Enquirer: 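Below you'll find the structure I mean.
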Amino acid sequence: SFIDQLRSCMDITTAEQFCDSFSGEHDGIGERVTSEFTEQLVDDLGMMAEVPEWLVSNVDWSGVWYGSLRYDYYDLEFQGRTYFMNRHLG
């Protein structure tokens, strides 16, 4: 079950821990989804505000995920959806 995966992979056992670490949810699984999450997170943090669109459209979001963010976020795939949890919260 989803709860069992949270417990075994992230040691999340309470609703409070879940709320603290939950960072997003996307339809689908795999590299496309981690790339979408990465782009959305960077945009939500305001890091792309001054970057020209032509440059944004050429960023290797998959490379950003695998090179940096996968160490800070856990991507839990469950029933065709991917849940992103902050590894440092919860």
Side-chain angles (χ1 to χ4, degrees):
S1 76
F2 184 71
I3 300 299
D4 291 335
Q5 287 187 31
L6 286 173
R7 186 177 300 117
S8 67
C9 297
M10 299 282 309
D11 197 30
I12 293 176
T13 59
T14 68
E16 182 179 2
Q17 288 174 315
F18 177 84
C19 290
D20 287 346
S21 63
F22 180 78
S23 299
E25 172 185 1
H26 289 263
D27 284 326
I29 61 174
E31 191 170 301
R32 176 191 60 82
V33 175
T34 54
S35 294
E36 288 174 1
F37 169 77
T38 300
E39 183 175 8
Q40 184 64 52
L41 177 67
V42 170
D43 188 51
D44 288 350
L45 293 173
M47 299 170 131
M48 303 307 288
E50 302 296 322
V51 179
E53 181 58 36
W54 65 267
L55 185 56
V56 171
S57 65
N58 286 288
V59 171
D60 176 11
W61 296 111
S62 177
V64 174
W65 170 260
Y66 286 107
S68 299
L69 293 181
R70 72 180 174 138
Y71 303 106
D72 295 320
Y73 294 89
Y74 182 77
D75 55 321
L76 174 63
E77 296 175 351
F78 186 76
Q79 295 186 346
R81 298 187 65 78
T82 303
Y83 300 83
F84 293 91
M85 313 299 287
N86 189 312
R87 293 179 186 266
H88 307 292
L89 301 173

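Note that the structure is predicted; figures quoted are calculated from it, not measured. Residue numbers start at 1 and run along the sequence shown.
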Enquirer: Check Gln40 against Asp44 and note the closest heavy-atom contact, atom names and distance.
Expert: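 Closest approach of Gln40 to Asp44: NE2-OD1, 2.6 Å.
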Enquirer: Could you work out, with salt bridge (Lys or Arg N to Asp or Glu O under 4.0 Å) as the rule, every residue matching Glu77, not counting sequence neighbours?
Expert: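 Partners of Glu77 by the salt bridge (Lys or Arg N to Asp or Glu O under 4.0 Å) criterion come out as none, since no residue qualifies.
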Enquirer: Which residue is it: Ile12, Leu6, Thr82? I am looking for the one with a side-chain contact (heavy atoms from CB on, under 4.5 Å) to Leu76.
Expert: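 Of the listed options, the one satisfying the test is Leu6.
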Enquirer: With ILVMFWY side chains joined below 4.5 Å, transitively, what does Tyr73's cluster contain besides itself?
Expert: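 Val33, Phe37, Leu41, Val42, Leu45, Met47, Met48, Val51, Trp54, Leu55, Val56, Val59, Trp61, Val64, Trp65, Tyr66, Leu69, Phe84, which link up through side-chain heavy atoms under 4.5 Å apart, make up the rest of the cluster.
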Enquirer: Considering residues at least two apart in sequence or located in another chain, which fulfil the salt bridge (Lys or Arg N to Asp or Glu O under 4.0 Å) criterion with Glu36?
Expert: Arg32
Enquirer: Would you say the side chain of Arg70 lies within less than 4.5 Å of the side chain of Asp75, judging by non-hydrogen atoms?
Expert: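 Not touching, per the 4.5 Å side-chain cut-off.
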Enquirer: Could you name each residue pair satisfying side chain to side chain donor-acceptor pair (under 3.5 Å) that touches residues 1-11, not counting sequence neighbours?
Expert: Ser1-Asp4, Asp4-Arg7
Enquirer: Quick one: does Met85's side chain get under 4.5 Å of Phe18's, heavy atoms only?
Expert: yes
Enquirer: According to side chain to side chain donor-acceptor pair (under 3.5 Å), who are the partners of Arg87, at least two apart in sequence or on a separate chain?
Expert: none
Enquirer: Rounded to the nearest 0.5 Å, how far does OG1 of Thr34 lie from CD1 of Ile29?
Expert: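 Answer rounded to 0.5 Å: 11.0 Å.
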Enquirer: Please determine whether residues Tyr74 and Tyr71 belong to a single hydrophobic cluster, defined as Ile, Leu, Val, Met, Phe, Trp and Tyr linked transitively by side-chain heavy-atom distances below 4.5 Å.
Expert: no
Enquirer: Taking side chain to side chain donor-acceptor pair (under 3.5 Å) as the definition, give me every residue that meets it alongside Thr13, ordered by chain and number, with sequence neighbours left out.
Expert: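 Gln17.
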